[in-house]
Amino acid sequence: MTSSNSAPILKSGHLLGIEGLSPIEVTALLDLAESYVIQGRAADKKTALLRGRTLINLFFEASTRTQSSFELAAKRLGADTLNMAVKNSSVSKGETLIDTASTLNAMRPDILVVRHQDAGAAELLSRKLDCSVVNAGDGAHEHPTQALLDALTIRRRRGGFENLVVAICGDILHSRVARSNLRLLAMMGARVRLVAPRTLLPAEADRWGVEIFTDMKAGLASADIVMMLRLQLERMGGAFVPSSREYFRFWGLDRAKLAYAKPGALVMHPGPMNRGVEIASDIADDMDVSLISEQVEMGVAIRMAVLDALSRGLS
Ligand code: NCD
């Protein structure tokens, strides 16, 4: 397979998490993604880098951005793509994760992108299958391409990460986005803060080596980047917050709370957003502060970079 620069980047042959990546690998992926931002803005968005290769998207949980951007990324690199609709598959007849994946494996894909409700699902498949595995979210564990696309968005706006104050706010407990982001940002030299009500902070957060705040005013003070998280009601068995209205009052990002952050602070959200719950609409839609659309664009570029990097190790 040919590539502009064939040096290996993802040495493991998989992308299972930010854990296990080195700052050199992260920087190489971000640099590679820059060329795909340019390609994505050109009239002809397609190359033949992955021609003849097959990518399968296997999503056991709902997804808009992640699944479509992996599909688009693969297509722009010339690969064939298959989206497994789990709802219509034998999974609904009780087939196990391993059996489903083994069936797909027998069709000889080169890359399997998997999203699953259980932490460790992608890692398990990487040990059982012959192809490269990309984790598109496993339970509340990791979502590495989200952290990489967020890092690309931040680096393009702020030039780097060193000493940047990033406040990750909201439902940390259920968020794989928070876990992957804090690993990546801390590794690259940013000062990461978690800002959340106690009920939405995991007990082990004290050992993550980041600053923890339980009120927005102190947590956002002099933040360069305010990263809001979705309140993940579908993962909540009981009542973690009194009501959405009450949550917005104390934890939702509106103009008054954003004013606590550094002047010129930028706002991010991985999507999907609950408007009026964790973020006010006028902030989400304000192109001067909100990077939300940019994050989606960077998502395609990052996934192209990841597929390119993995293709260098394919036989
Ligand atoms: C996130 C996810 O699935 O973890 N979404 C995404 O990939 N952009 C965050 C979320 O669902 O809230």
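The structure displayed is predicted, hence computed values, not measured ones. Every number for a ligand or one of its atoms is a count from 1 in the order of the listing.
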Residue list, ring-ring contact (aromatic ring centres under 6.0 Å, His included) with H141, at least two apart or on another chain: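 Not a single residue meets the ring-ring contact (aromatic ring centres under 6.0 Å, His included) criterion with H141.
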field: Contacts of F213 that satisfy ring-ring contact (aromatic ring centres under 6.0 Å, His included) - sequence neighbours left out
entry: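 F213 satisfies ring-ring contact (aromatic ring centres under 6.0 Å, His included) with no other residue.
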Per-ligand residue contacts, ligand 1, heavy-atom threshold under 4.0 Å: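 If the criterion is a heavy atom under 4.0 Å, then ligand 1 touches T66, R115, H143, Q146, R176, V177, R230, Q232, P270, G271, P272.
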- prompt: Is there any salt bridge (Lys or Arg N to Asp or Glu O under 4.0 Å) pair reaching into residues 187-208, and which pairs are they, with sequence neighbours excluded?
  reply: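 Pairs touching residues 187-208 that pass the test: R193-E211.
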Could you verify whether a donor N or O on one side chain and an acceptor N or O on the other, from [X] and [Y], lie under 3.5 Å apart?
{"X": "H269", "Y": "E278", "answer": "yes"}
{"X": "E142", "Y": "S180", "answer": "yes"}
{"X": "N83", "Y": "E71", "answer": "yes"}

